[in-house]
Amino acid sequence: MGIGRARWVALLVGLAAAAVVATVGASEGDADPLYRACVDECEKTGSLRETSVRHCQVPTDDHPADKSWYAHEPLYLQWKEWNCKSECRYHCMMERESEREQLGLGSVKYHGKWPMKRASVFQEPISAALSALSLLVQFNGWLSFVLLLSYKLPLRPETQMTYYEYTGLWHIYGLLAMNAWFWRAIYHSCDTVWTEKLYYSSFAAFIGYSLILAILRTLNLKDEASRVMVAAPILAFTTTHILYLNFYELDKGLNTKVCTAASLAQFLLWAVWAVMTKHPSCFKILFVIIGNVFSIVLETYDIPPRWGYVDGRVFCVAISIPLTYLWWKFAKEDAEMRTSAIIKKTR
């Protein structure tokens, strides 16, 4: 192994270690007595200083009405699931954060989440926009992969199938990636119980399958029996994990550990394989891996928001956009390399 490649691997290992030991800050904003008093008063009166919370129906006896605001909101807005309690929490959170900023204090979490300013109906506008852009890049990468294999590279004359043995695996990868980024964009647009579960579930499925793809490609497994033996236990574990998140407990800490472990395992496989085989896309692979590990470190350390709109997750999503483009470039180059090698052997 060359000194240059050894340094790349050493850097990868160092970043991976940082991701493993990173810790997540505790939530303390919702324990603030001033915040709690603000929410209680808002729910009773339906107002907060100059702000009137229209979702709170307050009759003359100063008690919140039981009737849901959904009966009065247009159907196309009901998906937000904003009600009296959630609106009071949001406005009181923003008020307390403004007061803390005036006192020179940093941001704190409320109900396990950082305070982020809304923009129209979007709860995290920058993260939502970048997630949508990442989805578009995923689609473009997958489509260019399809066009390359279907129209540019030669097909097997007897079956009209591609020479590349991993075509179907990459198609499934692309569909799961696009599904994951679609639900991430929806989740950042509107954080509800069901969008949160769909976001975590889709990314768990995507990461689990990515590990399968990494094992099959790096070990060069082509026969169906070997592929089933590798995929079956990982699929079973991933399915069990998703069912646990959806029907038992949405344990975000556990999900982070599982997804981080699966991601680091596949990154290590890709890195060692790229270096040992001297793949033409070696430096692309290593660059994507290091970028993804750095993204995991950022998300694990849970960077507080800046200016009310930008937090650690914004940087993570932004990093993923160029990395996605490079990863699909590798997939296409790998398909071209394998197709060329197989054709040479058959001649």
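Since we're looking at a predicted model, the values are computed, not measured.
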Rounded to the nearest 0.5 Å, what separates atom OG1 in T277 from atom CD1 in I285? 7.0 Å
Under a single-linkage definition using a 4.5 Å side-chain heavy-atom cutoff for Ile, Leu, Val, Met, Phe, Trp and Tyr, are L149 and L216 assigned to the same hydrophobic cluster? yes
Would you mind writing out the side-chain donor-acceptor pairs for residues 151-159 within the sub-3.5 Å range, not counting sequence neighbours?
unit_1	atom_1	unit_2	atom_2	d
R156	NE	T162	O	3.3
R156	NH2	Y163	O	3.3
T159	OG1	M161	N	3.3

Nearest-0.5 Å distance, CG of residue L130 to CD of residue E124: 11.5 Å
Do any N or O atoms from the side chain of N140 and from the backbone of L136 form a donor-acceptor pair under 3.5 angstrom? no
Verify side chain to side chain contact (heavy atoms under 4.5 Å, CB included) between E95 and Y35, making sure each step is shown before the conclusion. CA-CA 9 Å; E95 182 181 274; Y35 167 77; over 6 Å; no
Decide yes or no for S107 and E97: does some side-chain heavy atom of the first lie under 4.5 Å from some side-chain heavy atom of the second? yes
Any heavy-atom pair between the side chains of I343 and T339 that's under 4.5 Å? yes
For residues S134 and T324, report the shortest heavy-atom separation together with the two atoms involved. OG-OG1, 4.2 Å
Distance, nearest 0.5 Å, that separates OG of S210 from CD1 of I172: 11.5 Å
Looking at T192 and T195, what are the two nearest heavy atoms and their distance? N-OG1, 2.8 Å
Would you kindly confirm whether W327 and L147 end up in one hydrophobic cluster when ILVMFWY residues are joined by side chain heavy atoms under 4.5 Å apart? yes
Between the side chain of Q266 and the main-chain N/O of A214, is any donor-acceptor distance below 3.5 Å? no
Check the angle between the aromatic planes of Y199 and H188 and answer parallel, tilted or perpendicular using the 30° and 60° thresholds. tilted
CA sep, side-chain torsions, deciding dist, call: R96, D32, side chain to side chain contact (heavy atoms under 4.5 Å, CB included): CA-CA 9 Å; R96 285 295 297 136; D32 184 354; 2.6 Å; yes
Please say whether more than 12 non-hydrogen atoms of neighbouring residues, nucleotides or ligands are located less than 6.0 Å from OH in Y244. yes
Do the ring planes of W170 and Y173 sit parallel (below 30°), tilted (30 to 60°) or perpendicular (above 60°)? perpendicular
Decide, based on the SG atoms alone, whether C38 and C92 are under 2.5 Å apart. yes
Let me see the working for F145 and W142 under ring-ring contact (aromatic ring centres under 6.0 Å, His included), right down to the final yes or no. CA-CA 5 Å; F145 179 79; W142 173 72; 8.8 Å; no
Is it the case that over 12 heavy atoms from other parts of the model lie below 6.0 angstrom from the CD atom of E101? no
Nearest heavy-atom approach of T238 to A205 is CG2-CA, 3.9 Å
Please determine, by modelled atom types, if S201 and N246 share a side-chain donor-acceptor pair under 3.5 angstrom. yes
Considering only heavy atoms from C-beta outward, does the side chain of K344 approach that of S340 to under 4.5 Å? yes
Do F206 and W183 have their ring centres less than 6.0 Å from each other? no
Please find out if less than 6.0 Å separates the ring center of W270 from that of F267. no
Polar side-chain atom of Y200 near backbone of D251 as donor-acceptor pair, under 3.5 Å: no
Taking the six-membered ring for Trp, are W328 and F139 ring centroids under 6.0 Å apart? no
Using modelled atom types and a 3.5 Å cut-off, is there a donor and acceptor pairing between side-chain atoms of S98 and backbone atoms of M94? no
Check whether any side-chain heavy atom of L286 sits under 4.5 Å from a side-chain heavy atom of V275, and report yes or no. yes
Smallest separation among heavy atoms of S127 and V317, with atom names: O-CG1, 4.4 Å
If you measure only the distance, is there a donor-acceptor pair under 3.5 Å linking the side chains of Y164 and D334? yes
Decide yes or no on side chain to side chain contact (heavy atoms under 4.5 Å, CB included) for L219 and V230, but give the supporting numbers first. CA-CA 11 Å; L219 298 183; V230 169; 5.6 Å; no
Hydrophobic cluster membership, L175 vs L169, 4.5 Å side-chain cutoff: yes
Heavy-atom distance under 4.5 Å between the side chains of K257 and T260, does that happen here? no
V288 vs F330, side chain to side chain contact (heavy atoms under 4.5 Å, CB included): CA-CA, chis, key distance, verdict: CA-CA 10 Å; V288 170; F330 151 65; over 6 Å; no
Checking the side chain of T256 only, and the main-chain atoms of K252 only, is there a donor and an acceptor separated by less than 3.5 Å? yes
For the hydrophobic clusters of this structure (ILVMFWY residues joined by side-chain heavy atoms under 4.5 Å, transitively), does one cluster hold both Y166 and I215? yes
Side chain proximity check, R217 to W273, heavy atoms < 4.5 angstrom: yes
Residue set satisfying side chain to side chain donor-acceptor pair (under 3.5 Å) with K332, at least two apart, ordered chain then number -> S144
Could you report the tightest heavy-atom contact between E165 and R227, atom names first, then the distance? O-NH2, 3.1 Å
Give a yes or no on whether the backbone of L235 and the side-chain of T239 come within a donor-acceptor separation of less than 3.5 Å. yes
In this structure, CZ of F315 is separated from CD of E299 (nearest 0.5 Å) by 13.0 Å
Report the residues that fulfil side chain to side chain donor-acceptor pair (under 3.5 Å) with W181, sequence neighbours left out, ordered by chain and then residue number. none
OG (S263) and CG (L268) are apart, to the nearest 0.5 Å, by 12.5 Å
Would you say H171 and V146 make side-chain contact, with heavy atoms under 4.5 Å? yes
What distance separates E333 CD from L326 CG, expressed to the nearest 0.5 Å? 9.5 Å
Considering all heavy atoms, the nearest K197-L250 contact: CG-CD2, 4.2 Å
Do the side chains of V258 and Y248 join up, straight or via other hydrophobic residues, at under 4.5 Å, putting them in one cluster? yes
F203 ring centre to R184 NZ or CZ under 6.0 Å, with the angle to the axis within 45°? yes
Compare all side-chain heavy atoms of I186 with those of F182 and state whether any distance is below 4.5 angstrom. yes
